[in-house]
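Note that the structure is predicted; figures quoted are calculated from it, not measured. Letters A, B, ... mirror the listed sequences (proteins, then strands); counts begin at 1.
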Amino acid sequence: MALQLYNTLSRSLEPFEPQEPGQARIYVCGMTTYDLCHIGHARAMMAFDVAVRYMRFAGYNVTYVRNYTDVDDKIIARAAELGEPPLELAKRFCDALDEDLASMGLIEPDHSPKVSEHIEGIVTMTASLVDQGFAYAADSGDVYFAVESFERYGKLSGKKLDDLRAGERVALDPNKRNPADFALWKSAKDGEISWESPWGAGRPGWHIECSVMSSHHLGESFDIHGGGIDLIFPHHENEIAQSECAHGTHPMAKYWLHNGHLSVVERDEAGDWQQIKMSKSLGNVVNIRDVVADMPAEALRWVYVRTHYRSPLPYSSEALHDAMGVLARLYEAKERAQEIANTAADSDPSKLAKESAKAGELYKLIAGFRDAFEDAMDQDLNTALASSLVLDVVRTINRVSTDKVTKRRGAGLMRNALQVFEISAQVLGIGGMEPAAFFAELREKQARVQGVDVAWVEAQLQARLDAREAKDWAAADVIRDELLKKRIVIMDSPSGVTWRIQV
RNA sequence: GGCGACGUGGCCAAGUGGUAAGGCAAUGGUUUGCAAAACCAUGUAUCACCGGUUCGACUCCGGUCGUCGCCUCCA
């Protein structure tokens with residue numbers, strides 16, 4: 001099977017057929033950089049991160065563009081509040097965003113254009129729309145796109161101009177011919193950041209930058225345009241209008257992909273989930289850096305990956321804790337597989353599979369893994385299914401790791417099994433760490449979160465080890481119970497003692 | 001008012017017409033000095049409800065109820 005994507009334009013699943021075979025061009029609406037990136041934004045970033053990773057995995061040569069909107073009303077307002085030049089504020093948050101996304105293991109786009117660097121192109125496209133009669137300059141110095149001039153207006157969102165309840169929620173603007181007309185260019189108010197234009201000093205409207213930057217990097221008609229579900233209208237609808245009118249080509253993009261929203265949920269007194277709004281005033285905004293400071297970033301990725309990108313995602317700290325536990329199991333399996341791969345003798349895995357039923361089970365699972373994984377991802381990037389296939393392998397590795405035949409001669413088999421983690425790491429961004437590094441990071445971060453003194457723990461562990469060597473089980477157990485009270489769990493194994501903080 | 005999405009075991013969550021993956025939690029067991037981890041076993045799921053199409057529907061169609069999103073800035 002080949003990749004199929006759900007296209008918002010047709011509201012159906014379509015086979016992915018890029019304009020140029022083997023080459024995929026994708027544009028994703030990034031962030032308006034007036035604040036830190038929170039886990040809701042991160043979901044969108046993750047959805048398209050995985051999409052691009054998978055397309056590359058599947059053999060496409062992908063050109064991936066994700067913009068920063070660094071000129072915007074909210075940025076100007078925030079900058080005024082803080083007494084900071086708007087572009088400096090935007091730059092600060094662009095850098096913070098880069099840092100946060102890198103900490104989550106997101107791949108970098110091939111191009112990350114900023115509005116402030118494309119003003120000339122924006123003026124040119126706006127002028128072209130005015131010249132062609134698709135836009136008009138009002139006396140105020142604002143330039144508006146005339147939605148009635150574009151017959152396909154509404155094709156993405158399914159909205160009809162007559163149905164839009166103009167003026168109901170926002171005061172009508174007397175400068176506009178139709179209330180649905182939107183600004184391509186906004187005249188500068190006193191002291192605002194502005195650029196010169198044929199219509200006087202001003203700055204770009206909200207939607208035009210994406211039309212300009214996408215065509216700049218990907219051409220007038222490209223393959224995939226992505227963003228959050230909330231952007232369908234008006235943002236993407238308006239992008240289509242601008243681009244297709246300015247260029248006289250269509251479609252602007254063949255496939256429109258939209259990720260569902262994340263919502264924060266908490267348990268109420270009855271134990272039922274209650275949806276709560278993530279907002280500054282409630283003080284419950286969860287930023288990427290808050291999460292990544294407390295645990296390995298893959299835990300957060302796991303939360304995203306476990307739900308299909310188009311479904312709503314209920315987020316809770318409980319889900320994040322579950323994810324940490326699952327990842328620990330995954331890395332323990334990887335560690336077991338590595339140990340056998342490093343210490344066992346080599347033997348043809350197919351022969352081993354005949355000698356031991358357990359080895360045979362793993363052999364079979366691994367042999368079919370890549371196809372099954374691709375089938376899952378081909379179904380509109382079904383990471384929920386794909387990730388559960390990884391867990392199937394994890395369970396089977398754990399089961400086989402006690403098998404005598406495998407322990408003795410299973411190096412080859414386990415090397416094959418380890419490729420599953422490589423695929424998972426490549427596509428989902430999960431499972432690529434060295435197990436020891438994962439556990440060290442988990443322990444270090446959780447120790448800080450829970451206020452545990454690592455040196456003290458190590459000392460306790462040594463004392464317990466001494467007691468155990470003396471077979472003084474009672475003393476050893478007292479120490480273990482003491483540690484457990486501080487949520488430190490001890491795990492004895494033939495290769496030594498490890499510990500973990502209960503999450 | 002318009003457009004759209006969702007409702008699957010205690011919870012989360014896949015499911016591409018042929019009676020339901022995976023995860024978490026729970027219980028029992030194997031293992032362990034005892035634990036932890038791991039593994040094994042255990043879930044009668046009226047797939048919101050009511051009709052329809054079909055040999056057969058969680059899956060398609062219509063309706064009802066409920067939750068949510070967009071129509072203003074929003075990932």
Side-chain angles (χ1 to χ4, degrees), chain A residues 1 4 8 11 13 28-32 34 37-48 69 72-74 77 154 157-160 162-171 180 206 226-235 237 258-263 265 267 271-273 275 302-303 306-308 310-314 316 318-319 321-323 325-326 328-329 332-333 336 358 372 375-376 378-380 382-392 394-402 468 471-474 476-477 480-481 484 488-494 497-500 502:
Chain A
M1 204 173 81
Q4 296 199 296
T8 303
R11 314 253 170 209
L13 215 54
V28 176
C29 286
M31 260 189 77
T32 299
Y34 70 103
C37 183
H38 63 61
I39 56 173
H41 301 121
R43 189 188 193 195
M45 307 299 150
M46 256 300 282
F48 297 103
T69 297
D72 167 89
D73 290 354
K74 285 197 291 291
S157 60
K159 293 191 187 304
K160 297 182 188 77
D162 296 342
D163 295 338
L164 299 178
R165 306 180 102 189
E168 177 159 304
R169 297 167 77 176
V170 152
W206 175 35
I229 192 170
D230 53 296
L231 295 181
I232 294 173
F233 188 90
H235 187 54
E237 195 69 64
H258 294 98
N259 64 275
H261 270 188
L262 171 150
S263 63
V265 295
R267 287 191 188 279
D272 295 323
W273 291 111
Q275 210 174 121
W302 185 257
V303 169
R306 287 299 279 171
T307 302
H308 185 97
R310 282 195 289 114
S311 301
L313 171 61
S316 64
E318 211 172 299
H321 282 189
D322 282 358
V326 173
R329 186 157 75 94
E332 264 163 30
R336 290 189 178 107
K358 282 185 176 176
D375 280 351
D378 279 345
Q379 290 172 52
D380 196 27
N382 193 337
T383 55
L385 223 194
S387 59
S388 68
L389 296 172
V390 175
L391 291 184
D392 285 340
V394 163
R395 192 195 321 106
T396 309
I397 286 173
N398 283 336
R399 181 160 40 198
V400 179
S401 64
T402 56
R468 292 186 77 211
K471 296 218 189 290
D472 185 353
W473 306 125
D477 289 354
R480 188 181 61 205
D481 292 345
L484 196 57
I488 312 275
V489 186
I490 295 171
M491 288 163 291
D492 296 324
S493 81
V497 180
T498 54
W499 61 280
R500 192 194 291 170
Q502 216 167 44

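Put simply, A:His261 does not rest on the base of B:rG69: the two rings are not both less than 5.5 Å apart at their centres and under 30° in tilt.
Judged by atom type and distance alone, A:Arg11 does not reach the base of B:rG4 through any side-chain donor-acceptor pair under 3.5 Å. One can find a donor-acceptor pair under 3.5 Å joining the base of B:rC34 and the side-chain atoms of A:Asp492.
One interatomic measurement links the two molecules: CZ of A:Phe233 to P of B:rC3, which rounds to 14 Å at whole-angstrom precision. Atom CG in A:Asp230 sits roughly 21 Å away from atom P in B:rC3 (whole-Å rounding). Atom C1' of nucleotide B:rA75 and atom CG of A:Asp72 are separated by 14 Å, given to the nearest angstrom. For the pair A:Arg480 CZ and B:rA37 P, the interatomic distance rounds to 12 Å; values are reported in whole Å. The separation between A:Leu391 atom CG and B:rG23 atom P is 6 Å, rounded to whole Å. For the pair A:Leu231 CG and B:rC70 P, the interatomic distance rounds to 11 Å; values are reported in whole Å. As rounded to whole Å, 10 Å separates atom P of B:rG2 from atom NZ of A:Lys160. Rounded to whole Å, atom P of B:rU32 lies 14 Å from atom NZ of A:Lys471.
For the P atoms, the distance from B:rU44 to B:rG52 is 30 Å, rounded to whole Å. For the C1' atoms, the distance from B:rG43 to B:rG9 is 7 Å, rounded to whole Å. Between the C1' atoms of B:rA20 and B:rA37, the separation comes to 31 Å (whole Å). Remark: the separation of the C1' atoms in B:rC47 and B:rC34 is 44 Å, to the nearest Å. B:rC60 and B:rG17 have their P atoms separated by 9 Å, with the value rounded to a whole Å. The P atoms of B:rA5 and B:rG62 are separated by 11 Å, rounded to the nearest whole Å. Distance noted for atom P between B:rU64 and B:rG1: 12 Å (whole Å). Atom P of B:rC12 sits at a distance of 26 Å from the matching atom of B:rU19, rounded to the whole Å.
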*Per-nucleotide protein contact string for nucleotides 6-15 of chain B (B base, S sugar-phosphate only, - none; heavy atom under 4.0 Å)*: -----SSSSS

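For A:Thr8, the side-chain hydrogen bond (donor to acceptor under 3.5 Å, both in side chains) test picks out A:His258, with sequence neighbours left out. A:Ala384 meets the side chain to side chain contact (heavy atoms under 4.5 Å, CB included) test with A:Asn382; sequence neighbours excluded. In this view, A:His38 and A:His41 satisfy the ring-ring contact (aromatic ring centres under 6.0 Å, His included) rule, not counting sequence neighbours. Under the side-chain hydrogen bond (donor to acceptor under 3.5 Å, both in side chains) criterion, A:His261 pairs with A:Asp230, sequence neighbours left out. Legend: residues meeting side chain to side chain contact (heavy atoms under 4.5 Å, CB included) with A:Thr32, ordered by chain and number and at least two apart, are A:Tyr34, A:Thr69, A:Asp72, A:Ile75. Applying the side-chain hydrogen bond (donor to acceptor under 3.5 Å, both in side chains) test to A:Asp322 and every residue at least two apart in sequence or in another chain returns nothing. The side-chain hydrogen bond (donor to acceptor under 3.5 Å, both in side chains) search around A:Thr383 returns none, not counting sequence neighbours. Listed by chain and number, the residues in a salt bridge (charged side-chain N to carboxylate O under 4.0 Å, His left out) with A:Arg336 amount to none (sequence neighbours excluded). Evaluation of the salt bridge (charged side-chain N to carboxylate O under 4.0 Å, His left out) rule for A:Arg468 yields A:Asp492 as partners, not counting sequence neighbours.
Among the atoms of the strands shown, only primed sugar atoms or phosphate atoms (P, OP1, OP2) are found under 4.0 Å from some heavy atom of A:Gly227. Contact annotation for A:Leu262: base contact, defined as any heavy-atom pair under 4.0 Å involving a base atom. When heavy atoms are screened at a 4.0 angstrom cut-off, A:Gly154 is found touching no nucleic acid atom at all. Within 4.0 Å (heavy atoms only), A:Asp322 reaches sugar-phosphate atoms of the nucleic acid but no base atom. Within 4.0 Å (heavy atoms only), A:Lys74 reaches sugar-phosphate atoms of the nucleic acid but no base atom.
Considering every non-hydrogen atom in both A:Trp302 and A:Ala323, the closest pair reads CD1-CB, 3.6 Å. Shortest non-hydrogen contact noted between A:Gln379 and A:His308 is O-CE1, 4.3 Å. For A:Ala47 against A:Asn259, the heavy-atom pair with the smallest separation is CB-CB, 4.1 Å. The shortest heavy-atom contact between A:Val265 and A:Ser316 is O-CB, 3.6 Å.
With B:rG23, B:rC34, B:rG22 as the candidates, the nucleotide lying closest to the side chain of A:Asp392 is B:rG22. Checking B:rA36, B:rA75, B:rC34 against every side-chain atom of A:Arg43, the shortest atom distance belongs to B:rA75.
If you find the closest nucleotide of RNA chain B to A:Ser157 and to A:Met45, the one lying nearer the 5' end belongs to A:Ser157.
The one candidate from A:Val303, A:Ile39, A:Thr307 that meets the side chain to side chain contact (heavy atoms under 4.5 Å, CB included) condition with A:Leu262 is A:Ile39.
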_Under the 3.5 Å Watson-Crick or G-U criterion, the dot-bracket string of RNA chain B, with | for inter-strand pairs_ = (((((((..(((.....[...))).(((((.......))))).....(((((..]....))))))))))))....

Distances under 3.5 Å between nitrogen or oxygen atoms of protein and nucleotides 38-41 of chain B:
residue: B:rA38; atom: O3'; partner: A:Asn398; partner atom: ND2; Å: 3.0
residue: B:rC39; atom: OP1; partner: A:Arg329; partner atom: NH1; Å: 3.1
residue: B:rC39; atom: OP1; partner: A:Asn398; partner atom: ND2; Å: 3.3
residue: B:rC40; atom: OP1; partner: A:Arg399; partner atom: NH1; Å: 2.4

